[in-house]
Amino acid sequence: MKKTITLLFSCFTLLVLSCSKDDSSETQAETPTVLLQKIITHSDEGDYETVFKYDGNKLMEAKSIKENKKFNYQEDKISKISWYSNPDTENTLTQTTEFEYLSDGRLKNFKTISDYPLTVEFTYIDNETVDFRAVAARNSYSFNGYFKVKSSEISQYVYLAGATPRPSVDYHYDDKSHPLKNVTGYSNLFLYHYFYNSFHKDGFTTNIGSSRNCTSNSLIANPSVVEVTETYEYNQKGFPKVISRSNGNEKDELFY
């Protein structure tokens with residue numbers, strides 16, 4: 001009889017432990033993904049809000065009184081971004097950018113149609129080096145160079161040739177999370193971020209950064225010349241909650 005009771009107790013204990021593990025796994029599976037919901041930008045021109053709308057983890061829209069950006073997807077890749085000015089009145093289409101990818105998901109090229117058209121082609125030399133050729137509306141503004149890549153971020157930009165010389169720079173990052181890190185398809189465009197001031201034109205982030213936040217850059221030819229781009233205050237999950245730009249007059253408050 002004692003053996004029977006002991007056996008039943010052992011089975012009951014195993015059942016309870018099994019259920020506890022299942023509950024724990026279920027709780028972890030239900031943990032929501034951190035997604036940026038709203039930004040309040042404080043600038044010399046006044047304060048305004050940018051509101052983000054999603055379909056799951058896919059970013060559909062980022063709208064403020066200044067502009068509205070709409071995103072199209074092909075499967076899990078962002079295929080097109082459209083910019084609209086005066087979204088609460090005329091809602092005028094001012095720019096579109098279309099993206100093409102290689103079969104492994106890396107960005108092959110993008111084409112921007114606007115008052116200042118730009119096409120950029122990427123050639124992957126190895127896991128750490130990506131050549132590019134940028135062709136603007138007027139060939140006199142075309143240029144080429146290469147990026148050094150580390151941990152899926154641009155670590156160096158090197159200018160090679162073109163009519164408008166640009167300083168070659170190193171980029172420095174924090175070890176925290178970029179505000180749009182969890183947006184589907186955002187990291188696939190990390191090379192594009194060099195050419196456009198992120199998805200939030202007048203606010204958070206520099207040209208660089210998709211999983212982490214760029215804190216500064218320095219000239220390759222003279223590393224002592226350091227440009228501080230932005231400073232960050234983080235929430236408990238390691239995402240920026242306040243981003244201040246280096247001029248000291250503007251900052252963003254971020255809400256997730």
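Here the structure is a predicted model, which means the values were calculated and not measured.
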Review point. Mind checking what makes side chain to side chain donor-acceptor pair (under 3.5 Å) contact with S114, not counting sequence neighbours?
Key: none
Practice item. Could I get the full list of side-chain contact (heavy atoms from CB on, under 4.5 Å) partners for V158, not counting sequence neighbours? Key: Y146, Q156, L160, S168, I220
Exercise for review: Give a yes-or-no answer on whether the side chains of T96 and S82 include a donor-acceptor pair shorter than 3.5 Å.
Suggested key: no
Review point. Do F122 and V120 touch side chain to side chain, with heavy atoms closer than 4.5 Å?
Key: yes
Review point. Who are the salt bridge (Lys or Arg N to Asp or Glu O under 4.0 Å) partners of K150, not counting sequence neighbours?
Key: none
Exercise for review: Using modelled atom types only, decide if a donor and an acceptor are shared between the side chain of D126 and the backbone of E128 within a distance under 3.5 Å.
Suggested key: yes
Revision key, fill the gap. Shortest non-hydrogen pair, L36 vs P179, comes out as CB-O, 3.8 Å
Point to revise | Mutual orientation of the aromatic rings belonging to F99 and Y192 [parallel < 30°, tilted 30-60°, perpendicular > 60°] | key: perpendicular
Check your understanding: Is the backbone of P240 close enough, under 3.5 Å, to the side chain of E233 for a donor and an acceptor to pair up by distance?
Key -> no
Exercise for review: Please confirm whether the backbone N or O of S177 pairs with a side-chain atom of N213, one donor and one acceptor, at under 3.5 Å?
Suggested key: yes
Check your understanding: Okay, side chain of Y234, backbone of V242: is any donor-acceptor separation there less than 3.5 Å?
Key -> no
Check your understanding: side-chain contact (heavy atoms from CB on, under 4.5 Å) with E100: which residues, sequence neighbours excluded?
Key -> K108, N109
Revision key, fill the gap. With sequence neighbours left out, the residues meeting salt bridge (Lys or Arg N to Asp or Glu O under 4.0 Å) with D104 are R106
Study note, to complete from the structure: salt bridge (Lys or Arg N to Asp or Glu O under 4.0 Å) pairs touching residues 158-183, sequence neighbours excluded, are none
Review point. Any sub-3.5 Å donor-acceptor pair from N235's side-chain atoms to F239's backbone N or O?
Key: yes
Review point. For the side chain of D55 and the backbone of K58, is there at least one donor-acceptor N/O pair under 3.5 Å apart?
Key: no
Exercise for review: Using salt bridge (Lys or Arg N to Asp or Glu O under 4.0 Å) as the criterion, list what pairs up with E45, not counting sequence neighbours.
Suggested key: K66
Check your understanding: Hey, is the main chain of Q37 close enough, under 3.5 Å, to the side chain of Y54 for a donor-acceptor pair?
Key -> no
Check your understanding: Do the rings of F147 and Y194 sit parallel, tilted or perpendicular, given the 30° and 60° boundaries?
Key -> perpendicular
Review point. Would you say the ring centroid of Y186 lies under 6.0 angstrom from that of H193?
Key: yes
Review point. What residues form a side-chain contact (heavy atoms from CB on, under 4.5 Å) with D47, not counting sequence neighbours?
Key: H42
Review point. Step by step, would you call R133 with E121 a salt bridge (Lys or Arg N to Asp or Glu O under 4.0 Å)?
Key: CA-CA 5 Å; R133 177 168 175 76; E121 295 277 349; over 6 Å; no
Exercise for review: Kindly write out the residues that satisfy side chain to side chain donor-acceptor pair (under 3.5 Å) with T215, not counting sequence neighbours, or none if the list is empty.
Suggested key: none
Review point. Are the side chain of T129 and the backbone of K148 linked by a donor-acceptor contact shorter than 3.5 Å?
Key: no
Review point. Which heavy atom of W83 sits nearest a heavy atom of K69, and at what distance?
Key: NE1-CD, 3.2 Å
**Study point:** salt bridge (Lys or Arg N to Asp or Glu O under 4.0 Å) involving E227 - partner list, sequence neighbours excluded
**Key:** none
Exercise for review: Using the ring pair (Phe, Tyr, Trp, His ring centres under 6.0 Å) rule, pick out the option among Y116, F190, F110 that qualifies with F195.
Suggested key: F110
Check your understanding: Does I65 have any side-chain contact (heavy atoms from CB on, under 4.5 Å) partners at least two apart in sequence or in another chain, and if so, which?
Key -> Y48, D88
Review point. Are the side chain of E153 and the backbone N or O of S211 linked by a donor-acceptor pair below 3.5 Å?
Key: yes
Review point. Which ILVMFWY residues can you reach from Y84 by hopping between side chains whose heavy atoms are under 4.5 Å apart?
Key: L93
**Study point:** Y124 side chain to L107 backbone, donor-acceptor under 3.5 Å
**Key:** yes
